[in-house]
Amino acid sequence: MPSATGSNANSAPVSTRSKIIYGLGSGNDMWGNWFYVSFVWLFFNQYLGMSPSLISTALSLRLLWDAITDPVFGWWSDNTRTRFGRRRPFILIGSILSGLFLPVLFMVEVGASNMEYFWWMLLTSIIFMTFVSCFNMPYNSLGAELSPDYSERNSIFKYKGSIQKVMEVASFGAGAFVTALNWENATASDVPQIIGNIFSTAAAWVSGLFASLFTLDFAAAWAALETPFGLQTGDGTEEINIVLSARVYATLLGAAMIAIGLILFFGLKERYYETVNKHQAKTKIISSIWGALRCRPFRVQLSMGLAYSLGLSMVGTLGFYTTVYFVSGGNRTEGNLFNLKMGIVGMLFGFIGPMIWGLLASKLDKKIVILIIQFFGIAVFVATWWLYTPEVKMLQVLATGFIALTQAGFWMMYGSIGADVIDYDELENGVRREGAFSACGSYIMKIGMILGTFITGVALESTGFDAELGGDQPASAIFWIRFLLAAVPIAGLIISLVFIARFPLTADRMKEIRAQLEARRGTV
């Protein structure tokens, strides 16, 4: 069993309550960074008819802006000193502003031109991502400050990874919610009744699902997935008011983001603040960011993450298009409902994934566990060629489950080794700059997302895909969409494997680092 416990073996562990509260923040992280990226294709391309290449260009420029604001907020929170700590004020303000602004992203005028849609997307999402950065950089930084223990960090990110998969259902379910039959010919005055009906039906569905699982009636549980949360599908020809339903859905998510920000602000403490951070000298932004990038283990970690994020950034969109236009034959309503089913199964697999990988991490070095996860991921993406098929539509649900299992494990371990890298840097340079590391890490991830997002739009157009054709897409377009869904992630995983094999921070090395740090500045 790997252990890097040093001289403060009896220092206070992180409570389960704190781990759960920290994990809730993954919802704001997820909805802030990923919800819009996936939902925008349904809203602007499939419904409003906006060009895929313009969508990908707007998303790419938005991420470029994000890559500027992330370092600013990471550095800013590193250098902030308040009675509430360094991170929590930003977490609270960022959550409130993000939640309030999220519905604005969809307040576009229907019937506008392609370029008007483009400028709306670009300007509103740039404002939104500024607020998301205000939350996200301090939030991610706080994760590296919750515990100094090598193994305890696995546990913290295990909780975060499992809870994140629950939060992901909101992204997967967006399409099914906004295209549900409840919204057929709906007007603003119908919203309270529609929301009441959806929530009462969903409550009954959840109750029935848990009852079937409790009684081990797996056949009934599987049958329940045909109508997840009780949302009904049509044949795709209904007059659904997607603009209204999208605004309502974004408002509900925004309210949840504000609530989570309040829980994080009042429910967590900054462990290192009084002992280490409060009296630490402030740094300039350039020297802070450059100092983080000079850290060799960090560069290895970033290279691994860049390859991984670039490979998987196209999965959500390509998988969605494969579901709608190959498996469901162009029936967008059915495809959106399947997307929700896949999200539920992905949540279940992703929820137990960190527990499985966490158990493995308690017996093996972190690097070995990541290598195992990546080999498993390669096998899963090879299998997607056969799991996405109109002959047995439910097989794609298993594909999403296995992908979620891989992703949950990778990001759990990625966050855990990130905290180890920050300890290494503190030993080498005598300062803790979690914000700078979070910002640099985010910057590299954004590069992967930018490239992947841009390539997605270009790839869709180059395959010959045309949303106006519905289910009558050219066979060659369907082939290339399916091929890219498998091939791109596999390439990213193979490159990522090469980098993680060079990661130098083992359990024994971290034990030495912790002992040296505590001898220098005491325990936390």
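Throughout, numbering of the chain's residues begins at 1 and tracks the sequence.
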Tyr47/Val243 under side-chain contact (heavy atoms from CB on, under 4.5 Å): CA gap, chis, key distance, verdict: CA-CA 9 Å; Tyr47 183 70; Val243 172; 3.7 Å; yes
Steps toward side-chain contact (heavy atoms from CB on, under 4.5 Å) verdict (Leu395, Tyr388): CA-CA 6 Å; Leu395 283 180; Tyr388 280 82; over 6 Å; no
Side chain to side chain donor-acceptor pair (under 3.5 Å) between Asn28 and Ser95, intermediate numbers included: CA-CA 7 Å; Asn28 287 15; Ser95 296; 3.2 Å; yes
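Val108 has its side chain within reach of Tyr117: a pair of non-hydrogen atoms, C-beta onward, lies under 4.5 Å apart. In this structure the side chain of Phe465 reaches within 4.5 angstrom of the side chain of Asn45, judged on heavy atoms. At a threshold of 4.5 Å between non-hydrogen side-chain atoms, the residues Thr69 and Met129 do not count as touching. By the 4.5 Å heavy-atom criterion applied to side chains, Val40 and Ile55 are counted as neighbours. Looking only at side-chain heavy atoms (C-beta outward), Met137 and Arg87 stay at 4.5 Å or farther from each other. Considering only heavy atoms from C-beta on, Asn197 comes within 4.5 Å of Asn182 through its side chain. Inter-residue side-chain proximity for Val345 and Thr400 is flagged as unmet; no heavy-atom pair is nearer than 4.5 Å. Residues Pro390 and Phe326 are in side-chain contact: their nearest non-hydrogen atoms beyond the backbone lie under 4.5 Å apart.
With sequence neighbours excluded, the residues that form a ring-ring contact (aromatic ring centres under 6.0 Å, His included) with Phe402 are Phe349. For Leu209, the side-chain contact (heavy atoms from CB on, under 4.5 Å) partners two or more places apart in sequence, or in a different chain, are Trp205, Ser212, Leu213, Ala221, Ala224. Looking at residues two or more places apart in sequence or on another chain, you find a salt bridge (Lys or Arg N to Asp or Glu O under 4.0 Å) between Lys393 and Glu334. With sequence neighbours left out, Lys158 forms a salt bridge (Lys or Arg N to Asp or Glu O under 4.0 Å) with no residue at all. Partners of Phe135 according to the ring-ring contact (aromatic ring centres under 6.0 Å, His included) rule, which considers only residues two or more places apart in sequence or in another chain, are Tyr139. A search for ring-ring contact (aromatic ring centres under 6.0 Å, His included) contacts involving Trp411 returns Tyr308, Tyr414, not counting sequence neighbours. Under the side-chain contact (heavy atoms from CB on, under 4.5 Å) criterion, Thr16 pairs with Ile20, Tyr159, sequence neighbours left out. Partners of Phe73 by ring-ring contact (aromatic ring centres under 6.0 Å, His included), not counting sequence neighbours, listed by chain and number: Trp76. Among residues two or more places apart in sequence or in another chain, the side-chain contact (heavy atoms from CB on, under 4.5 Å) test is passed with Ala246 by Phe39, Phe43, Phe106, Val178. Scored by the side-chain contact (heavy atoms from CB on, under 4.5 Å) test, Met107 finds Pro103, Val104, Trp120, Arg247 as partners (sequence neighbours excluded). Scored by the salt bridge (Lys or Arg N to Asp or Glu O under 4.0 Å) test, Arg88 finds no partners at all (sequence neighbours excluded).
Remark: the Asn136 side chain and the Ser133 side chain contain no N/O donor-acceptor pair separated by less than 3.5 Å.
Annotation: Tyr36 is not in aromatic contact with Phe128 [ring centroid separation under 6.0 Å not met].
Residue-environment remark: CD (Glu184) exceeds the threshold of 12 foreign heavy atoms within 6.0 Å. The environment of Trp385 atom CH2 is dense: over 12 non-hydrogen atoms of other residues, nucleotides or ligands sit within 6.0 angstrom.
Identified under the salt bridge (Lys or Arg N to Asp or Glu O under 4.0 Å) test for residues 162-178, with sequence neighbours left out: Lys165-Glu168.
With Ser15 contributing its side chain and Ser18 its backbone, the two residues share a donor-acceptor pair below 3.5 Å.
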